[in-house]
Amino acid sequence: MSTITRPDLAPPEALESPVGVNNFSIVAATVNGSGSQTANNTLVRALFKMGIPTTGKNLFPSNIAGLPTWFLIRVSSEGYITRREKSEILVAMNRATVTEDIAKVPAGGVVIVPLEWKIPQDRTDLTYYALPVQQFAKESGANAKLQPYVANMVYVGALTALLGIDEAEIEAALSYHFGGKRRPIELNLGVVKAAIAYIRANITKTDPFRVQRMQATTNKVLIDGNSAAALGAVFGGFTVCAWYPITPSTSLVDALIDYAKDLRVDADTGVHNYAIVQSEDEIAALGMVVGAGWAGARSMTATSGPGISLMTEYTGLAYFTEIPAVIWDIMRMGPSTGLPTRVSQGDVLSVYYLGHGDTRQVCLLPANMAECFEFGWKAFDLAERLQTPVFVLSDLDLGMNTWMTDQFEYPTQPLDRGKVLTAEQLAELKNTWERYGDQDGDGIGQRTLPGTDSPYAAYFTRGSGHNKYALYTERGDEWEANLARLHRKHEYARTIVPAPVVDEMADARIGIIAYGSSDPAVQEARARLANVGVKTSYLRLKALPVNATVVDFIRKYDRVYVVENNYDGQMRKILQTEVPDRANQLIQLAHCDGLPLSSEFVAQGIVNLEKEQ
Amino acid sequence: MSTITRPDLAPPEALESPVGVNNFSIVAATVNGSGSQTANNTLVRALFKMGIPTTGKNLFPSNIAGLPTWFLIRVSSEGYITRREKSEILVAMNRATVTEDIAKVPAGGVVIVPLEWKIPQDRTDLTYYALPVQQFAKESGANAKLQPYVANMVYVGALTALLGIDEAEIEAALSYHFGGKRRPIELNLGVVKAAIAYIRANITKTDPFRVQRMQATTNKVLIDGNSAAALGAVFGGFTVCAWYPITPSTSLVDALIDYAKDLRVDADTGVHNYAIVQSEDEIAALGMVVGAGWAGARSMTATSGPGISLMTEYTGLAYFTEIPAVIWDIMRMGPSTGLPTRVSQGDVLSVYYLGHGDTRQVCLLPANMAECFEFGWKAFDLAERLQTPVFVLSDLDLGMNTWMTDQFEYPTQPLDRGKVLTAEQLAELKNTWERYGDQDGDGIGQRTLPGTDSPYAAYFTRGSGHNKYALYTERGDEWEANLARLHRKHEYARTIVPAPVVDEMADARIGIIAYGSSDPAVQEARARLANVGVKTSYLRLKALPVNATVVDFIRKYDRVYVVENNYDGQMRKILQTEVPDRANQLIQLAHCDGLPLSSEFVAQGIVNLEKEQ
Amino acid sequence: MAIQEPPQVDLNRIGLTKGDYRGRPSTLCKGCGHDSISQRIISVAYDLALKPTQVIKLSGIGCSSKTPAYFMNQSHGFNGLHGRMPSMATGATLANHSLTAIAVSGDGDTVSIGLGQFKHLVRRNVPMLYIVENNGVYGLTKGQFSATADKGQELKYAGRNELPPIDVCLEALVGDCGFVARSFAGDPRQVEQLLKAALSHRGTAVIDIISPCVTFNDHDDSTKSYAYGKAHEEVISDFGFVPAYEEINIDYAEGEIADVRMHDGSHVRLKKLDSGYDPRDRFAAMRLMQEAHQNQTFLTGLIYINEDRPSLQEMEHLPETPLAQLPMEKLRPSREALAKVLADL
Amino acid sequence: MAIQEPPQVDLNRIGLTKGDYRGRPSTLCKGCGHDSISQRIISVAYDLALKPTQVIKLSGIGCSSKTPAYFMNQSHGFNGLHGRMPSMATGATLANHSLTAIAVSGDGDTVSIGLGQFKHLVRRNVPMLYIVENNGVYGLTKGQFSATADKGQELKYAGRNELPPIDVCLEALVGDCGFVARSFAGDPRQVEQLLKAALSHRGTAVIDIISPCVTFNDHDDSTKSYAYGKAHEEVISDFGFVPAYEEINIDYAEGEIADVRMHDGSHVRLKKLDSGYDPRDRFAAMRLMQEAHQNQTFLTGLIYINEDRPSLQEMEHLPETPLAQLPMEKLRPSREALAKVLADL
Ligand SMILES: Cc1ncc(C[n+]2csc(CCOP(=O)(O)OP(=O)(O)O)c2C)c(N)n1
Ligand SMILES: Cc1ncc(C[n+]2csc(CCOP(=O)(O)OP(=O)(O)O)c2C)c(N)n1
Ligand code: SF4
Ligand code: SF4
Ligand SMILES: [Mg+2]
Ligand SMILES: [Mg+2]
């Protein structure tokens with residue numbers, strides 16, 4: 001039934017990204033705590049400012065210093081930003097992993113390595129450039145403690161020379177990084193220049209990789225998802241953030257602290273129009289958020305898997321008492337402590353069903369920087385409108401890596417504070433208002449905030465059985481009526497959460513569904529698949545619960561591949577229960593080894609599975 | 001496609017239980033804290049000892065004293081034990097609810113009510129028996145504080161006389177209840193006798209309800225599920241129980257304390273061959289259980305919804321470090337605090353997926369007293385064999401109500417302590433043993449216990465990434481290999497958890513799946529449905545993950561109704577992901593108002609849904 | 001015929017009757033200490049003329065934690081999770097620090113499951129009144145020992161307690177709490193006086209009130225029983241309370257040792273006691289509690305008072321307008337502000 | 001030609017080398033205080049000739065909690081959940097009370113997220129050595145303040161800490177802990193001496209060791225830095241430790257004030273100090289800690305010792321054979337026993 005013209009005949013290379021000028025990947029293998037982040041960010045920024053689509057991804061260990069870390073830089077003239085399986089250029093700066101690192105370089109690739117290590121250059125299919133890295137560091141004049149930091153600048157210089165990066169952009173990037181501070185800029189630039197000079201004097205470039213200016217990044221900016229989310233929250237009018245440090249969510253709150261200080265402190269009085277409190281654990285963090293949400297704040301927290309587990313009980317309370325709360329889950333690899341510095345989309349099922357008893361949570365699924373920003377503010381609107389916790393399922397790849405993005409759009413809607421009754425409205429309604437009623441048929445009652453100056457304002461909030469007047473009840477009929485209303489609210493939520501993005505190809509008979517950080521891999525894979533005659537339509541989920549578009553999409557295609565970064569195919573399971581008539585046509589394409597999905601995995605995976613059909 | 005002979009023509013009555021001699025229900029409406037439990041238990045026991053199948057269900061409020069409570073007694077010559085929607089006999093002892101209580105009595109029913117209340121006897125379709133309850137209580141000679149307790153005995157006497165209960169059995173039941181203590185037996189018996197005499201002298205019985213001796217309870221006993229579970233755990237060799245009080249699981253640990261004191265204390269030395277510790281909360285309870293399981297104890301806890309939520313993080317750790325633990329979830333109504341004293345099967349989804357990251361838990365689903373006992377010991381065998389937490393999803397109906405049951409079978413297998421290496425085995429294996437290996441293809445590694453006297457015994461347990469030697473790793477391939485093995489273990493678990501019970505009717509085209517306390521309702525409903533020509537086959541799940549029998553069963557029938565006591569049809573959702581090719585033929589028949597499901601709901605529900613087909 | 005006068009109702013300073021401070025009917029056991037504390041709260045709120053709409057009631061789970069439903073119906077109440085009310089209260093008071101927060105918890109709720117949150121609440125000095133209705137047992141789950149049960153205590157249901165009790169007041173003191181008191185539900189006058197002073201405190205005010213559970217822990221040999229409390233209560237301090245709206249003369253009246261000006265402008269006037277105990281002395285307070293703990297004596301009264309420590313809301317530099325009531329323009333920076341941030345990226 | 005002698009290796013009482021007590025290579029930052037504490041544990045275990053297979057290592061999450069991987073490879077280790085190690089340790093020692101339990105935790109792990117569990121562990125007197133590697137920050141998550149950070153402390157990353165510190169030792173004391181000590185990773189001799197004594201204690205022995213985080217909290221003005229510690233450490237007590245396997249004479253040696261017989265038969269011989277401080281005096285200990293807390297002085301040494309309180313395992317009436325090793329017949333009662341229970345129903 002497939003329209004694929006014999007995918008089994010397509011050569012695997014056809015599914016890979018092209019390689020050449022402005023199209024390759026670099027991996028810098030270093031030791032963490034050695035300050036390689038400055039070098040890597042400088043490179044990414046310089047390339048980006050040359051107008052070349054560039055992304056950077058940091059694969060770092062869960063400790064403070066001394067363990068292997070890899071930084072991936074991809075340039076792609078086509079604008080693809082997903083991780084590639086292969087990196088043509090290896091910057092080998094970690095003695096402990098150098099052998100393994102070199103083994104992974106594809107034929108035709110390049111290895112940049114310290115001269116002092118005297119690595120055997122025994123792969124004839126590679127080009128080796130050996131640099132006197134340690135000598136440069138010594139000569140830089142930096143003290144011993146700073147030398148490893150400086151050494152990293154050597155490879156910045158080497159790559160600048162070898163790839164033809166604009167030196168002025170390197171300087172600008174360093175200047176940006178050091179906030180214009182002359183000393184460090186000059187120190188680092190000195191090393192870069194020395195390395196460039198060395199290369200020019202001593203090395204003959206024999207590889208094909210280089211860059212040239214483009215205009216593909218005009219008006220775009222570089223940012224990480226956690227900063228984008230924080231910025232969104234600041235523009236969403238967050239007033240209370242309670243949190244507990246945990247990788248990879250910590251940097252979201254760090255950014256929030258910084259942005260709020262800039263943007264939400266009264267210049268004249270110095271008062272803070274917000275409060276950010278580091279709590280004693282995640283139970284307390286969500287407890288504060290729920291208390292604040294109840295009392296009328298726009299309140300939020302950010303956490304990751306273990307924190308989500310600890311937030312289970314308070315989530316159930318907020319769900320059932322119908323209190324707005326925004327919870328960012330920057331997903332890392334679980335179960336349990338798992339791999340704190342590796343990515344996965346592994347919390348989808350547990351968050352969607354979080355809490356004992358019958359619960360289903362609203363989840364937003366950002367896939368890029370614009371959505372991290374947008375959901376940063378929109379999550380509050382939804383939480384207050386729906387009077388429920390709203391989870392934003394971002395992840396380590398989105399949150400902690402550097403992505404290029406279009407400028408963010410200023411919020412398109414004014415703050416939606418939801419159904420909050422004023423003293424005036426209460427004077428009309430008197431005792432007839434129903435905290436847990438359904439005046440509008442959307443399943444959402446009207447709430448009042450503590451402090452509202454009306455004798456009718458007060459109601460009693462409890463996680464135990466309550467009727468529509470918020471009075472305690474153990475009556476079965478009232479209990480059921482309440483659950484039925486919550487069910488209606490869930491149905492209503494489908495209609496107001498961000499709608500999926502659909503991109504259909506003419507004549508496609510197969511569909512793909514993905515979400516979050518799996519999107520870039522799918523985007524590129526679709527192009528590669530089209531090259532070999534496999535036409536695909538694509539729906540990207542932006543939220544749970546799903547809406548009618550999703551159901552229609554699934555029903556329309558012969559098979560729908562659900563692409564995700566976890567082991568169990570968690571989103572597929574949810575979709576199977578949402579569209580049971582097509583449950584068997586929803587095919588799992590999941591993978592989970594701690595790295596962002598690659599387009600090769602998606603493209604090859606679909607080709608392989610299609611062959612089985 | 002259905003074989004049903006026009007179910008729409010079946011009169012609703014045809015789906016109801018027959019009513020008459022040895023077939024009716026009693027509801028005693030009282031105030032909690034008034035000691036009515038003694039009266040109710042006495043009645044249940046006396047009826048049961050007359051050889052008549054009898055069950056008692058307590059519908060009690062979540063407070064200590066003063067709120068309405070109802071006790072349901074059903075006698076059924078056919079041996080059905082599910083809750084019926086209607087109770088023919090009302091014992092109205094709660095002034096606050098008497099009007100509502102009377103309104104619910106079906107036509108032809110009986111109302112027993114204190115004379116002193118002067119309740120208008122305005123329903124002509126009922127028989128009223130008014131008794132001088134308060135006068136009896138006063139005359140009993142009991143002090144003022146005890147009078148409400150004594151008053152309840154009046155209705156025991158009244159029912160004894162009216163229904164023809166054997167007085168000797170009442171006396172025996174009181175003697176059992178008071179452990180043979182003469183004073184209270186006589187005090188209560190005096191009231192009973194006075195009431196009997198009063199009825200005989202003053203009241204002419206005009207209703208059709210009465211009992212007569214049968215032989216249907218020979219060799220059976222009366223017990224509640226929590227006591228049965230505790231007894232099972234004592235015979236399963238539990239050594240550590242850590243717990244935190246929560247309704248309705250508290251009585252499980254109470255029973256454990258009692259049985260262990262009798263059965264697991266060394267008579268000569270007085271030492272306890274077990275430890276039961278009340279922890280500070282449920283996080284700590286499961287923490288202790290996990291620590292104990294790691295160190296080689298058979299360890300367990302019992303809790304309910306809110307406790308399960310708090311146990312999420314430790315569950316993930318135990319799952320991922322592969323430590324045996326037994327967790328009884330006596331399900332009550334959620335979400336959140338919900339209705340602590342009402343039943344539901346609402347934790348199925350959240351427990352099955354408990355924990356962030358990719359997790360799926362092993363769950364046992366007892367449906368009767370024999371299984372509460374059996375799973376009481378078997379859960380340890382499974383937990384130690386599978387090296388994983390095992391959840392037993394019982395509920396308030398099973399756990400806290402009185403059920404008749406066949407005598408329990410002594411454990412059929414010796415204790416299975418799973419794959420634990422001894423010092424001798426280690427001397428052979430030396431460094432080659434793989435804590436997280438898969439020597440046997442079942443996905444289960446070999447473990448060692450702390451204290452094993454071998455230099456090779458030690459390994460390091462952690463919830464973060466580990467390879468098969470239990471060494472720390474962040475490598476993607478090792479991570480994936482570990483998840484793949486856990487997946488194999490889950491597949492293996494399918495083959496060793498208790499298999500479902502299947503009962504197929506010839507020519508049936510529709511199937512029913514249920515589990516746990518929904519079983520009695522299904523059993524009776526199937527008989528009623530058969531009466532109106534609706535043939536059904538039945539599969540009762542005894543565990544998750546499901547095995548091949550379940551898949552086959554689902555594939556075999558045109559439609560399969562999944563009957564459960566929750567709102568969202570949670571088990572149905574799990575089954576939809578397990579058998580996606582039949583997801584659309586799995587039909588939700590769920591209900592959740594805090595009461596045990598009735599057979600009328602099931603039978604009528606299926607008839608109604610069949611009409612729609 | 002004489003005209004019928006409407007029944008005389010006493011109105012307080014803001015024109016409310018005592019009835020305006022009542023709650024829904026209690027469903028606790030008759031005679032439960034907790035009910036009597038609810039009555040004290042009603043009286044005090046009425047006497048001080050608290051504006052009910054500007055009060056929030058917070059609690060965890062337990063018989064004690066149910067009580068906010070039984071007083072001050074015109075105040076918002078939140079009966080949250082077992083042991084985790086402190087965080088909820090922290091959030092609520094951050095959102096709206098202009099409200100008066102009254103929290104009620106149990107001994108199980110506060111020092112068994114809730115000990116961590118309780119200690120961190122005190123550490124943050126969240127401005128609120130925190131009442132522990134301490135009966136030494138879990139009432140609602142029918143009589144297990146809580147962590148305040150005395151060592152060696154026997155209960156019919158739970159057996160013998162072998163563990164040392166956790167002392168709510170000592171824990172608060174060690175945690176730098178600026179208002180620590182103990183009282184007894186059987187001593188209504190003292191409870192009311194302490195409640196009044198506590199409501200004026202700058203940060204977290206903790207009152208540990210022994211509140212007998214008549215159903216599970218009221219036999220005479222229980223240190224948490226009415227009989228024991230009545231027989232053994234020793235008052236360690238005495239003071240007068242002058243609300244902010246009353247005038248105060250600056251001289252010490254006879255028998256007074258000091259005047260503590262409370263955050264809201266009211267005054268606590270400490271009286272001299274034979275024992276010489278001065279509740280402003282932290283060491284003395286700790287030693288006293290430690291001795292009481294060791295000797296199982298039942299000391300009541302104001303144990304420690306200190307208005308110096310800033311509250312969390314002060315430390316957070318919050319504006320006068322509560323966060324929950326900030327106008328839109330304080331919540332969302334301008335379009336230009338966004339443009340500037342983006343330009344700087 | 002002379003025969004090559006194998007290199008000389010010192011064996012301890014049970015014939016093990018120091019290498020037998022080593023762990024895997026540390027992945028902590030060079031110079032981290034935690035690593036030096038691991039070395040102390042290795043030395044002490046070797047000196048006391050602990051049998052590695054009879055030791056368990058327990059920890060939470062943090063840089064400090066990673067360290068059990070870096071000592072005693074031949075002992076089972078369990079690196080559990082953040083802040084929840086105490087309950088795990090309680091369970092493990094219930095399952096097998098014959099093992100020596102060594103727990104390592106951080107300040108964040110113990111008194112931020114873990115305060116409740118820590119206090120309840122102490123209350124239960126679970127027999128174990130509980131080491132807090134206290135650096136005032138969260139190392140592993142890169143430098144946020146923990147609850148032991150001093151008031152007014154500034155950190156580049158986290159800004160200024162406005163909250164009062166929680167004092168591990170004071171909390172333990174208040175919780176009736178029978179062995180409370182403080183030390184400094186820069187004082188190896190004292191750390192070792194305290195470890196030895198602590199390992200002989202009957203119940204929970206808490207040692208709070210200031211252990212500088214060289215990456216996030218080692219600037220000279222930090223009270224948790226090496227420089228500060230070296231400059232400000234004041235030793236409050238001194239003692240000699242005589243292990244159980246050595247003979248002891250009953251007379252006090254010169255300068256000793258008392259001999260405390262430990263649970264395992266070893267002895268702690270307290271020495272007289274100028275200050276007159278006696279670590280058997282609970283009030284004195286509390287006062288000292290309270291003063292140190294107030295004045296931010298850095299007192300180290302044995303703060304409190306008391307061997308009287310029974311451990312949890314004693315209170316639970318456990319058999320000599322650990323529960324985990326009970327034979328089948330102690331685990332499953334007989335067929336007849338079941339029949340009898342059923343007959344009684
Ligand atoms: C997470 C959780 N665990 C357990 C319970 C059950 N529970 C309800 S109240 C209570 C104890 C209350 O004791 P206390 O705080 O002393 O209040 P009291 O009833 O004595 O006033 C417990 C254990 C619960 N509601 N939630
Ligand atoms: C539930 C949970 N929350 C947060 C974290 C993240 N986390 C890991 S270590 C740590 C703090 C450790 O601090 P401390 O105990 O002082 O140890 P140190 O690293 O300073 O030795 C945190 C917050 C986690 N692992 N689990
Ligand atoms: S059980 Fe105890 S605490 Fe609860 S209401 Fe009754 S007397 Fe009060
Ligand atoms: S970050 Fe600090 S605590 Fe962690 S290893 Fe480095 S120095 Fe030690
Ligand atoms: Mg209590
Ligand atoms: Mg620390």
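Quick note on labels: first sequence line is chain A, next is B, and so on, each numbered from 1. All values below were derived from every heavy atom in this structure, side-chain atoms included, with hydrogens, water molecules and symmetry-related copies excluded.
- Taking the centre of each ring, B:H487 and A:Y567 come in below the 6.0 Å mark.
- Only the side chain of B:Y472 comes within less than 4.5 Å of a heavy atom of chain A; its backbone N, CA, C and O stay farther away.
- Paired with B:P68 under the rule side-chain contact (heavy atoms from CB on, under 4.5 Å), one option of B:N94, B:N32, B:D101, B:L59 passes, and it is B:N94.
- Between the side chains of B:H356 and A:S309, at least one donor-acceptor pair of N or O atoms lies under 3.5 Å.
- Neither the backbone nor the side chain of B:T315 comes within contact range of chain A, judged by heavy atoms closer than 4.5 Å.
- For a residue to count as touching a neighbouring chain, one of its non-hydrogen atoms must lie under 4.5 Å from one of that chain's; by this rule B:L349 touches chain A with the side chain only.
- Using a cutoff of 4.0 Å between basic side-chain nitrogens and carboxylate oxygens, B:R360 and A:D568 are scored as salt-bridged.
- With a 4.5 Å cut-off on non-hydrogen atoms, B:L486 does not touch chain A at all.
- Between B:F320 and B:W479, a ring centre-to-centre spacing shorter than 6.0 Å is recorded.
- B:T359 touches chain A through backbone and side chain together, each having a heavy atom under 4.5 Å away.
- Looking at B:Y319, only its side chain comes within 4.5 Å of chain A, counting heavy atoms on both sides.
- Only the side chain of B:E100 comes within less than 4.5 Å of a heavy atom in chain A; its backbone stays farther off.
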